[in-house]
Amino acid sequence: MSEDANYKSELVGVFGHPVAENPTIVMIEAAFRDLNLNWRYLNIEVLPEDLQTAVVGLRSMQFKGINLTIPHKVNVLPVLDRLAPDAKLMGAVNTVRREGDLLIGENTDGKGFLRSLRDDAGLDPSGKRVVFLGAGGAARAMAIELALTGAESILIINRSAERGESLSRLIKENTSCESEYLPWVSGVSFPSDTDVLVNATSIGLFPNVTEKADINYDCISRDMVVCDVIPNPPKTPFLAEANARGARTLDGLGMLVYQGAIAFRMWTGQEPSVEVMKEALESVFQ
Ligand code: NDP
């Protein structure tokens, strides 16, 4: 055996249920190979009742970190040592990183969205008026991050009043951003002075690729940036409507890659190639 032999990989991965179809592994492993890092990303099936022991296992096996997906993003909170302030406000964690022996909860979804807005659409969100369709986990992470970064106002349009009102209240009570809730009626209209419109619902996700949000698309103008969270397929009917009206559009693939790149940097301390990660994902998406 040579003196510098090292057959031990550093470990990260994702806890979920179900977890088999989670594609994050494809982009993270591509980035490991690209940087010649002896790291592995594992998709690990964890039942809700086993989450606590799984987290204890992370410590014993010295994982460098972990992603959380459905149904663990909220339930993991009490098992962690510390939460980043934004993750605490959202009440959800999608990434755990290690700081010495401490397990720190982070949420990179909203940060990935902000990076996509800045880098791909060239838009600085501070002072902007934003409209969200949806008030689920993704909307929560994105809206809170936008509010913390200085957006002027956020209008939440959601089917369930309870979820919509609760997100709007969370923003108003904890940030300097204005926020209101608007019930989602069929063909709902939104203000013409909107700067950014975001579909943060699951409408359009594979295999329901022909579905689109039931809104008044004539409210979209060419001055708006229109974003979709759906990463697969990234070209959604929602974005096609926005393109047809001359608006700039941002797909969900960029956000997915950037949120993964931010977690990658938290774990490894290295900057991955977002191009390599995006190509890897595109090779497996429809
Ligand atoms: P949730 O289940 O937490 O929320 C779903 C949201 O969509 C709710 O607001 C729900 O409204 C709304 N919704 C669903 N169907 C309809 C419909 N037919 N009409 C109106 N509203 C509807 O899911 P998440 O927030 O976690 O995820 C949402 C989407 O975002 C998923 O498709 C996911 O793949 C994607 N995503 C993408 C990421 C990326 O990086 N690109 C990151 C995270 C998520 P209601 O409250 O009324 O039920």
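Predicted, not measured: the structure shown is a model, and the values here were computed from it. Just so it is clear, the values below take in all heavy atoms, side chains as well, and ignore hydrogens, waters and symmetry mates. Note that ligands are numbered from 1 as they come in the structure, with each ligand's atoms numbered from 1 the same way.
- Applying the side chain to side chain contact (heavy atoms under 4.5 Å, CB included) test to R163 and every residue at least two apart in sequence or in another chain returns A135, N158, S160.
- Aromatic ring pairs are classed by plane angle as parallel below 30°, tilted from 30° to 60° and perpendicular above 60°; the pair F238 and Y217 is perpendicular.
- Donor-acceptor pairing under 3.5 Å is recorded for the side chains of Q259 and T108.
- Looking at N43, V14, L42, V284 one by one, the single match for side-chain contact (heavy atoms from CB on, under 4.5 Å) with I25 turns out to be N43.
- There is no side-chain donor-acceptor pair under 3.5 Å between D119 and Y258.
- Protein neighbours of ligand 1 below 4.0 Å, counting non-hydrogen atoms: D109, G134, A135, G136, G137, A138, N158, R159, S160, R163, W184, A200, T201, S202, I203, L205, V229, I230, G252, M255, L256.
- No side-chain donor-acceptor contact under 3.5 Å links T236 and D251.
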